[in-house]
Number of protein chains: 2
Amino acid sequence: MSGDTNLKVPTKTRRSASGDTTDRLRRAILDGQYPVGSLLPPERTLSETFGVSRLTLRSAIAHLETEGLLRPQQGAGTRVLDYRTSAGVDLLGDLLGLSLSRGSLPAELLGDLLELRRMLAVEVLGLAAERGAPEEHRALREHLLHQTSLVGDAEAYVEADLKMARMLVCASHNVALELLSNSLARVLVAAPSLAPAFLVNADGTLAAYARLLALVESGDGMRVRKEARCLLEELDEDTLERVRALAPATPAKTTQHLGGTA
Amino acid sequence: MSGDTNLKVPTKTRRSASGDTTDRLRRAILDGQYPVGSLLPPERTLSETFGVSRLTLRSAIAHLETEGLLRPQQGAGTRVLDYRTSAGVDLLGDLLGLSLSRGSLPAELLGDLLELRRMLAVEVLGLAAERGAPEEHRALREHLLHQTSLVGDAEAYVEADLKMARMLVCASHNVALELLSNSLARVLVAAPSLAPAFLVNADGTLAAYARLLALVESGDGMRVRKEARCLLEELDEDTLERVRALAPATPAKTTQHLGGTA
DNA sequence: CACCACTCATTGGTAGTACCAATAGCGCGC
DNA sequence: GCGCGCTATTGGTACTACCAATGAGTGGTG
């Protein structure tokens with residue numbers, strides 16, 4: 001290989017070459033560097049372009065194939081697909097992260113994601129009300145108290161929030177929802193820069209949780225859905241506002257300070 | 001294991017060794033052969049166990065990692081995760097396929113999947129009513145006519161049905177929903193044995209589509225949602241019935257009385 | 001004896017190479 | 001002109017060697 005940058009800087013953020021290559025290739029594709037419908041350059045060429053071994057490059061291609069961005073075909077080549085018609089939910093996190101890393105604010109995309117999460121949450125709450133066992137309801141209430149006691153600690157709070165979501169989904173007794181919930185959770189952790197926006201809503205969120213939980217315990221699924229739809233819509237609107245308030249061109253260091261807006 | 005006679009037989013179903021290994025490993029994991037929380041045997045050992053090169057084995061591991069079944073860690077080993085808390089939606093297709101290949105009928109899992117699809121469809125229809133442009137509504141109606149003319153041709157019909165779903169999701173103007181729809185479509189194509197069940201409902205489905213489309217054109221999102229919820233619930237119930245009727249695939253001794261679980 | 005630092009075998013990660021298999025395009029022969 | 005087959009191209013698999021991170025075992029030190 002070209003001996004240009006063989007001296008890899010031992011940055012602490014030593015990400016795996018494979019994952020790194022995956023991100024670079026994905027970005028190149030989404031940026032339109034390799035147009036949709038066209039053939040990717042051969043692996044042997046691309047591996048040189050990216051300065052990695054063909055093996056690593058293949059690993060990246062395989063990853064993007066499962067994401068739905070590429071479709072390799074032996075003997076023919078690797079075709080670039082249209083992510084809007086081929087990619088799965090997993091790509092959402094990458095799209096968000098990509099927009100953020102470019103400085104642009106994916107308010108629209110984030111809005112869509114929140115909308116999706118909201119409509120799922122509404123149904124999960126409804127199902128949890130209709131199917132959740134009393135002990136599950138009790139556990140939820142207990143956990144809500146626990147979460148309330150963590151409003152100070154950011155990390156612990158978001159962790160508790162994720163667990164709350166998991167418990168709710170679990171109470172809905174639907175495996176498909178459970179797996180989908182996992183996928184969405186992954187999307188959120190893939191774009192950690194957005195976490196603060198969810199955090200400042202803690203008070204409102206907890207209040208909404210308390211109200212919804214009471215409804216869930218009542219067992220009236222339809223009523224839960226109706227109220228949840230309104231409550232969560234408000235919450236998400238709030239969240240979006242706060243996200244928009246984040247300066248558009250704040251790549252790295254200037255984040256994490258949202259306390260003043262609360 | 002490798003004593004199988006089909007060593008290099010160029011069978012038409014010549015699946016890639018990589019994908020094949022992935023399926024075998026996933027099955028072994030889901031079967032509990034490698035308990036959740038434990039460490040997978042080292043790659044060099046597993047590659048011998050499966051009779052493939054370490055490279056192929058690694059490819060399989062990487063795939064299952066993105067699915068959320070494994071978490072390799074350099075120097076430590078590869079840990080087996082609990083798919084219910086770690087796997088994403090993509091695993092749904094594999095779970096369905098796995099159950100089918102074992103002869104058992106995943107009626108419960110399929111019910112969950114249909115429920116998920118239903119709740120998404122309800123919202124998609126509502127959004128399409130509220131946000132869809134008139135030309136999109138018109139295109140939908142046109143496509144419905146086209147699809148109606150294909151009730152005879154199975155393959156063309158399901159393709160048209162998928163396109164209908166895609167058009168609807170597109171009219172909802174939500175990218176996140178679009179990607180999720182792609183994921184679910186993948187799940188369904190991963191379990192093609194279920195296609196017939198969806199097919200026999202063609203008449204009822206088309207009738208429901210026509211009614212819902214009219215409502216979508218009216219623009220009354222909430223009313224669409226309400227009606228869609230009922231209509232689709234009926235349709236899915238019907239579909240599940242028919243799937244349960246497909247049971248006699250394996251004349252098992254133990255009665256497959258799956259109908260009494262309601 | 002308890003504790004700490006160091007060593008080193010284990011294990012996943014990457015690189016290089018060679019070869020197999022499928023595809024597509026070109027050219028030869030009919 | 002048409003069809004058949006050859007071949008260059010490209011993805012798929014295998015083997016090997018080495019790097020990097022982990023963690024347990026080992027020896028030294030208080």
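Just so it is clear, the structure is predicted and the values come from calculations on it, not from any experiment. Just so we're on the same page: letters track the sequence lines, and every chain starts at 1.
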message: Can you measure B/L46 atom CG to C/dG13 atom P for me and round it to whole angstrom units?
response: 13 Å

- line: Of B/Q73 and B/S59, the one whose nearest nucleotide on DNA chain D sits closer to the 5' end is B/S59

message: Can you tell whether the side chains of A/R58 and A/E43 come within less than 4.0 Å, N to carboxylate O?
response: yes

- request: Specify the separation, in whole Å, of atom CD of A/E43 and atom C1' of D/dT13.
  value: 12 Å

message: Distance alone, cut at 3.5 Å: any donor-acceptor contact between the side chains of B/R166 and B/N182?
response: yes

task: Could you tell me the separation between the CD atom of B/Q74 and the C1' atom of D/dA21, rounded to a whole number of Å?
output: 5 Å

Option passing side chain to side chain contact (heavy atoms under 4.5 Å, CB included) with B/L109 (candidates B/L95, B/L114, B/L98): B/L95

- prompt: Could you give the CG-to-P distance, from B/L39 to D/dA21, as a whole number of Å?
  reply: 19 Å

- prompt: Would you say the side chain of A/R44 and the base of D/dG11 hold a donor-acceptor pair, judged only by whether the two atoms sit under 3.5 Å apart?
  reply: yes

- request: Ignoring backbone atoms, establish whether B/R58 has a side-chain N or O less than 4.0 Å from OP1 or OP2 of C/dG13.
  value: yes

task: Looking at every strand, decide which applies to A/T78 at a 4.0 Å heavy-atom threshold: base, sugar-phosphate, or nothing.
output: sugar-phosphate

query: For the pair made of CG in B/L57 and C1' in C/dG12, what is the distance, rounded to whole Å?
result: 12 Å

task: Kindly indicate whether the side chain of A/R54 and the base of D/dG12 share any N or O donor-acceptor pair separated by less than 3.5 Å?
output: yes

Modelled atom types, side-chain donor and acceptor of A/S53 and A/T56, under 3.5 Å: yes

message: With a 4.0 Å cut-off on N to O distance, would you call B/D94 and B/R27 a salt bridge?
response: no

- request: Could you check how far CD of B/E48 sits from P of D/dT16, rounded to whole Å?
  value: 11 Å

Between protein and nucleic acid, restricted to nucleotides 3-9 of chain D and to nitrogen or oxygen atoms under 3.5 Å apart, what atom pairs and distances do you find?
none

Residue whose closest nucleotide on DNA chain D lies nearer the 5' end, A/T45 versus A/L55: A/T45

message: Is it the case that the side chains of A/E136 and A/H173 hold a donor-acceptor pair, with the cut-off being a distance below 3.5 Å and no angle test?
response: yes

statement: Rounded to the nearest 0.5 Å, the CG atom of A/L162 sits from the CG atom of A/L184 at a distance of 11.0 Å

Interatomic distance, A/H63 NE2 vs C/dG13 P [rounded to whole Å]: 13 Å

field: Below 4.0 Å: OP1/OP2 of D/dC15 and any side-chain N or O of B/S53
entry: no

message: Tell me the interatomic distance from B/I61, atom CD1, to C/dT11, atom C1', rounded to whole angstroms.
response: 11 Å

